[in-house]
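The basis for the numbers below is simple: all heavy atoms, side chains too, and nothing from hydrogens, waters or symmetry mates.
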Amino acid sequence: MLFKLIYLFHTDFSWLNVFRYITFRTILSSLTALMICLICGGWVIRRLRAMQVGQQIREDGPSNHRTKAGTPTMGGCLIVPAALFSTLLWVDPSNFYVWIVVFVALCFGLIGFADDYLKVSQKNSRGLSASAKFSLQIICATGVSLAIYLYPGFDTHLNLPFFKRVVPDLGLWYIPFSVFIIVGTSNAVNLTDGLDGLAISPLIVAFASYLGFSYIAGNVKIASYLQVPYISGAGEIAVICGTLVGAGLGFLWYNAYPAEIFMGDVGSIPLGAILGTVAVATKQEVVLVLVGGLFVFEALSVIFQVAYFKLTGGQRIFRMAPIHHHFELKGWPEPKVIVRFWIISIVLALLSLSTLKLR
Ligand code: 57M
């Protein structure tokens, strides 16, 4: 919004033209969200403690987690509003993708909030039933996928990394495909958020990667040079990704080990859904497997563990799933698991950016 207001005076003050540039607004939106989270973080933690919004710890988890009981949770109530405020301050409000991301943040944020609220109010770690949570996610993701599919000019061809000339057209199947991407990413991030800073840092890395992808997709010259789909208006998604990088860094300041606050489902569920939506909107859906590779590993570790447990009548592949608990039970200190997983997510993100040149 501010962008439009400031730009009204660019004929009087030519230097205001700088606000037209997506790079400049991306930096501003990132710094705005970062400052909001840094400045408000301490106050939010104190308020959550005063309201006794503390984490319930499951008895069957790793023993070292018991000391975390009562840690303020629902930190997503800081991240998501900070990101939304900063986004609406610096983006072009006439952009379609902006309102798609705002819709996703609000819908999935409400699902996560309801889940956390039930856990905190009932003082247990159950929350919403898995079927209710999953059904609500499917409904929201279907609305978003339909809106993107029906948006004039949206292309249903699949953009495959490394294989530029292979562009299968999914047609109507694009809708369930994008629902799968959005809901799958949301739940994979949710599962990953099980150690201090373990989810937010790979999210920062992923949104930084998609900041690059969306800037390229929205620039017809660079998109043509790199032979990636040009998507008119995708540049504003870079501003949104910048906001999420800034908000993520501000939250990490408090979520770093030993965490003073957890993001809660009200953070992990919408942030994962936004990442999936950004991947669909920029037509970089398949490369998300690389960019969000850590989230994929974590989700697959649970899938394989549960399937093997059922197939063998009680045997396990890992000491505990998701896989970060496996390494904890192997004796790795929590900070070592976290930082090594961060290293993996950064390497995967660098590999994903290499797909832009390697075709
Ligand atoms: C999301 N939530 C954390 C925190 C965070 C099917 C099964 C795999 C489901 C899975 C599950 O319950 N997942 C829920 C993971 C929880 O974190 C809260 O949840 C929010 C994210 N959604 O923001 O509010 C705990 O994680 C720890 N934590 C930190 N630092 C952070 O910054 O230390 C979180 C954030 C917090 C805190 O202890 O309480 C979680 O782990 O529940 N279940 C599991 O992940 C369980 N695994 C399991 O049961 N494995 C089985 C089968 C089912 C695969 C097996 O291996 O045989 C583990 N989690 C727990 N206990 N809590 C192990 C048992």
Side-chain angles (χ1 to χ4, degrees), residues 55 73-80 82-84 101 104-116 119 127-128 130 133-134 136-138 140-141 144 178-211 240-241 243-245 247-249 251-252 255-256 259 261-281 284-285 287-303 321-325 337-338 341-342 344-346 348-349 352:
Q55 183 66 52
T73 185
M74 297 183 76
C77 292
L78 169 66
I79 308 169
V80 176
L84 284 178
V101 172
V104 168
L106 293 175
C107 279
F108 283 81
L110 281 173
I111 294 169
F113 181 87
D115 193 38
D116 284 335
K119 287 174 189 169
L128 276 176
K133 197 153 76 168
F134 192 67
L136 288 169
Q137 288 176 326
I138 293 284
C140 294
V144 169
S178 53
V179 169
F180 169 74
I181 295 279
I182 295 169
V183 174
T185 311
S186 178
N187 285 293
V189 171
N190 184 39
L191 286 172
T192 304
D193 193 30
L195 296 180
D196 297 353
L198 185 65
I200 195 65
S201 294
L203 277 169
I204 291 166
V205 171
F207 281 122
S209 303
Y210 274 98
L211 189 163
I240 298 170
C241 290
T243 304
L244 289 158
V245 169
L249 288 170
F251 177 71
L252 180 60
N255 183 238
I261 187 171
F262 299 151
M263 71 169 75
D265 286 35
V266 69
S268 58
I269 288 180
L271 290 176
I274 292 170
L275 179 60
T277 305
V278 164
V280 168
Q284 294 290 345
E285 317 89 343
V287 80
L288 180 59
V289 172
L290 257 184
V291 178
L294 183 73
F295 302 126
V296 174
F297 289 152
E298 292 266 349
L300 287 177
S301 71
V302 170
I303 293 166
I323 197 165
H324 54 262
H325 289 314
V337 179
I338 296 162
F341 275 40
W342 287 356
I344 292 168
S345 68
I346 290 167
L348 289 170
S352 72

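In plain terms, the two heavy atoms of Leu294 and Leu198 that are nearest each other are CD2-O, 4.2 Å. Of all the heavy atoms in Leu288 and Gly276, the pair that sits closest is CD2-CA, 4.2 Å. Closest non-hydrogen pair, Pro322 versus Glu298, comes out as CB-OE1, 2.9 Å. In terms of heavy-atom proximity, Ile111 sits nearest to Gln137 at CD1-N, 3.8 Å. Contact between Ala299 and Ala188 at its shortest, heavy atoms only, is CB-CB, 4.0 Å. Of all heavy-atom pairs between Gly197 and Pro202, the closest is O-CD, 4.2 Å.
The one candidate from Leu203, Ile204, Leu211 that meets the side chain to side chain contact (heavy atoms under 4.5 Å, CB included) condition with Phe207 is Leu203. Checked options Ile269, Ile79, Thr73; the residue passing with Met263 is Ile79 (criterion: side chain to side chain contact (heavy atoms under 4.5 Å, CB included)).
Looking at Leu290 and Val296, their side chains never come closer than 4.5 Å, going by heavy atoms from C-beta outward. Looking at Leu271 and Phe251, their side chains never come closer than 4.5 Å, going by heavy atoms from C-beta outward. Two residues are said to be in side-chain contact when any heavy atoms from C-beta on lie closer than 4.5 Å; Phe295 and Leu275 meet this criterion.
Looking only at distances, a side-chain donor or acceptor of Ser352 sits under 3.5 Å from a matching main-chain atom of Ala349. A donor-acceptor pair is defined here as one N or O able to donate and one able to accept, closer than 3.5 Å; such a pair exists between the side chain of Tyr210 and the backbone of Gln284. No donor-acceptor pair under 3.5 Å is formed between the side chain of Asp265 and the backbone N or O of Asp116. A distance-only check finds a donor-acceptor pair linking the side chain of Ser301 to the backbone of Ile323 [under 3.5 Å]. A donor-acceptor distance shorter than 3.5 angstrom exists from the side chain of Ser209 to the backbone of Val205, with no hydrogens or angles considered.
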Practice prompt. Decide side chain to side chain contact (heavy atoms under 4.5 Å, CB included) for Val266 and Val80; before the verdict, give the C-alpha distance in whole Å, the side-chain angles of both, and the deciding distance to 0.1 Å.
Written response: CA-CA 8 Å; Val266 69; Val80 176; 5.9 Å; no
Fill in: Intermediate values then yes/no, side chain to side chain contact (heavy atoms under 4.5 Å, CB included), Leu191 and Asn187
CA-CA 6 Å; Leu191 286 172; Asn187 285 293; 5.6 Å; no
Fill in: Test log, rule side chain to side chain contact (heavy atoms under 4.5 Å, CB included), inputs Phe262 and Met74
CA-CA 6 Å; Phe262 299 151; Met74 297 183 76; over 6 Å; no
Item to complete: Dump the intermediate steps for side chain to side chain contact (heavy atoms under 4.5 Å, CB included) on Leu348 and Phe297, then the final yes or no.
Response: CA-CA 12 Å; Leu348 289 170; Phe297 289 152; 4.1 Å; yes
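Note that CG of Leu195 and NE2 of His324 are 4.5 Å apart. Values are rounded to the nearest 0.5 Å. Once rounded to the nearest 0.5 Å, the distance linking SG of Cys140 with CG of Leu106 reads 10.0 Å. Note that CD1 of Ile200 and CG of Leu252 are 7.0 Å apart. Values are rounded to the nearest 0.5 Å. To the nearest 0.5 Å, atom CD1 of residue Ile346 and atom CZ of residue Phe341 are 14.0 Å apart. Atom CZ of Phe134 and atom CG of Leu128 lie 14.0 Å apart (nearest 0.5 Å).
The closest side-chain donor-acceptor pair between Ser268 and Asp193, if any, does not fall under 3.5 angstrom.
Residue pairs that meet the side-chain hydrogen bond (donor to acceptor under 3.5 Å, both in side chains) test with at least one member in residues 196-205, sequence neighbours left out, are Lys68-Asp196, Ser201-Trp342.
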